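Read the structure below first, then the notes.
These numbers come from a predicted model, not from an experiment. Numbering starts at 1 and runs along the sequence shown.
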Amino acid sequence: MARMLVDGDDLVVRLSWWERVAARRGGVRVALAEVCRVTAESEWWRALRGVPRRGVWIPGGRSVGTRGHPGGTDFVALRAGRPVVCVELRPSAPFRFLAVSVPDMDEARSTARALDRAAPRIDTSTRYRQPVPVAEELPGGSARPSLPAGTGSDRGTGQDRHTGPHRGAGKGRGIGKAQGIEGRGDARDTGNGGDTRRGGDTTKDRGAGAGPGTGRTGDVRRDPG
C-alpha cells in the first residue's frame with residue numbers, strides 16, 4: 001500500500017511494487033512549500049476528481065495513477081472502503097492534488113496533522129477541501145461567450161433608442177401638422193407670434209387660427225367680420 005511521508009523538505013508518496021507498475025512511475029515527490037492544504041477524507045470515492053489518464057482503475061476496488069480535469073492533474077493511490085489523506089498543491093507543483101488511502105481514520109488524521117505541521121505555506125483560510133476550478137476561473141481560461149445582437153442589454157439599448165428623444169420629436173411634428181390642418185398651424189403661430197413660448201394661451205391661438213384671413217397676426221378679435 002502507498003504511503004505519504006516527509007523526506008527533508010519534500011513530501012514523498014512511496015508506492016508498492018504493483019502500484020509502481022500500475023501507475024508506470026516509481027513514486028511522487030513534491031516540495032513541502034507547494035503544499036496548500038491537507039485534509040482527511042472518510043469516503044475514498046470523494047477523492048476521485050476528473051477523468052482517468054494513466055494507471056489502473058478497478059470500479060469498486062483500486063484506483064492508482066493520474067487523473068485530469070480543467071484545473072490540472074491529480075495523482076491518486078486509493079483502495080475502496082478506506083479513508084484517504086488528501087493534499088492540495090499550488091499551481092506551480094507537478095500535480096494539483098495527491099490522495100493516498102490509509103488503513104483507518106485515526107491514521108488519516110494523524111498523517112494530515114503531521115503534514116500540516118511540516119508544510120511552511122499552509123492556507124489557513126478554510127479547513128475544507130476546495131472544489132475543482134472551472135475554465136473561467138483559471139488564468140487564460142476561455143472567456144464567456146458574448147450575447148448576440150438584439151438580446152439582453154443590447155435589446156434594452158434598442159428600446160431606449162426608439163423611445164428616447166427621437167420619438168418625442170416625431171410626436172411634436174405630428175401635432176404641428178394636425179393643428180395646421182385644424183387652424184392653419186399652431187406651430188406657425190408659436191414660431192411668429194411667440195405667445196405660446198412665453199406661456200400664452202395656446203387654446204386662444206388655436207381658435208384664432210380657425211378664422212379666415214388670420215395669417216400670422218395671432219389675434220382674431222381685431223380682424224373685421
* **Side-chain touch Trp44/Ser63, heavy atoms, less than 4.5 angstrom** => yes
* **Point-to-point distance, once rounded to the nearest 0.5 Å, from CZ of Arg29 to CG of Asp7** => 4.5 Å
* Could I get the full list of salt bridge (charged side-chain N to carboxylate O under 4.0 Å, His left out) partners for Asp116, not counting sequence neighbours? => none
* Structure fact -> Contacts of Asp104 meeting side-chain hydrogen bond (donor to acceptor under 3.5 Å, both in side chains) (sequence neighbours excluded), chain-then-number -> none
* CD/Glu88 to CG/Asp123 distance, rounded to the nearest 0.5 angstrom? -> 8.5 Å
* To do: Taking Arg96 for its side chain and Gly71 for its backbone only, find out whether a donor-acceptor pair lies under 3.5 Å.
  => yes
* Asked: Got a sec: does the CZ of Arg25 have more than 12 other heavy atoms crowding it under 6.0 Å?
  -> yes
* **Closest non-hydrogen atom pair between Ala22 and Val56, with its separation** => CB-CG2, 3.4 Å
* **Any Phe95 side-chain heavy atom under 4.5 Å of Val87 side chain** => no
* Asked: In terms of hydrophobic clustering (I, L, V, M, F, W, Y; side-chain heavy atoms under 4.5 Å; direct or indirect links), are Leu15 and Leu11 co-clustered?
  -> yes
* To do: Quick one: name the residues clustered hydrophobically with Tyr128, using the 4.5 Å side-chain heavy-atom rule over I, L, V, M, F, W, Y, and just say none if it's on its own.
  => none
* **For Ser42, all residues meeting side-chain hydrogen bond (donor to acceptor under 3.5 Å, both in side chains), sequence neighbours excluded** => none
* With Ser92 via side-chain hydrogen bond (donor to acceptor under 3.5 Å, both in side chains) - residues at least two apart -> Glu34
* Asked: Who pairs with Pro52 by side chain to side chain contact (heavy atoms under 4.5 Å, CB included), at least two apart in sequence or on another chain?
  -> Trp57, Arg67
* Under the side chain to side chain contact (heavy atoms under 4.5 Å, CB included) rule, collect the residues that match up with Ala33, sequence neighbours excluded. => Pro120, Arg121
* Write down the atom of Met105, the atom of Pro83, and the distance for their closest heavy-atom approach. => N-CG, 3.5 Å
* **Ile122 side, atom CD1; Leu32 side, atom CG - distance, nearest 0.5 Å** => 9.0 Å
* Thr111 side chain to Ala108 main-chain N or O, any donor-acceptor pair under 3.5 Å? -> no
* Do any N or O atoms from the side chain of Glu43 and from the backbone of Trp45 form a donor-acceptor pair under 3.5 angstrom? -> no
* Asked: Can you tell me if CZ on Arg3 sees more than 12 non-hydrogen neighbours from other groups inside 6.0 Å?
  -> no
* Asked: What are the two closest heavy atoms between Ala2 and Ala77, and how far apart are they?
  -> CB-CB, 3.7 Å
* Asked: Does Met4 belong to the same Ile/Leu/Val/Met/Phe/Trp/Tyr cluster as Val102, with side-chain heavy atoms less than 4.5 Å apart forming each link?
  -> yes
* For Asp9, enumerate each residue passing the side chain to side chain contact (heavy atoms under 4.5 Å, CB included) test, keeping only those at least two apart in sequence or located in another chain. => none
* Asked: How would you list, by chain and number, every residue that makes a side chain to side chain contact (heavy atoms under 4.5 Å, CB included) with Thr39, sequence neighbours excluded?
  -> Arg37, Cys86, Arg129
* To do: Kindly work out whether a path of hydrophobic side-chain contacts (I/L/V/M/F/W/Y, heavy atoms less than 4.5 Å apart) joins Val85 to Val6.
  => yes
* To do: May I ask whether Val100 and Val76 are part of the same hydrophobic cluster, defined by side-chain heavy atoms of I, L, V, M, F, W, Y residues being less than 4.5 angstrom apart, directly or through others?
  => no
* Structure fact -> The complete set of salt bridge (Lys or Arg N to Asp or Glu O under 4.0 Å) pairs with one or both residues in residues 52-64, sequence neighbours excluded, reads none
* Asked: Got a second to check how far Phe97's CZ is from Leu48's CG, nearest 0.5 Å?
  -> 9.0 Å
* ILVMFWY network linking Val35 to Leu98, side-chain heavy atoms under 4.5 angstrom -> yes
* **Set of residues satisfying side-chain hydrogen bond (donor to acceptor under 3.5 Å, both in side chains) with respect to Ser16, sequence neighbours excluded** => Trp18, Glu19
* Asked: How far apart are the closest heavy atoms of Ala47 and Ala99, and which atoms are they?
  -> CB-CB, 3.8 Å
* **Partner set under salt bridge (charged side-chain N to carboxylate O under 4.0 Å, His left out) for Arg90, not counting sequence neighbours** => none
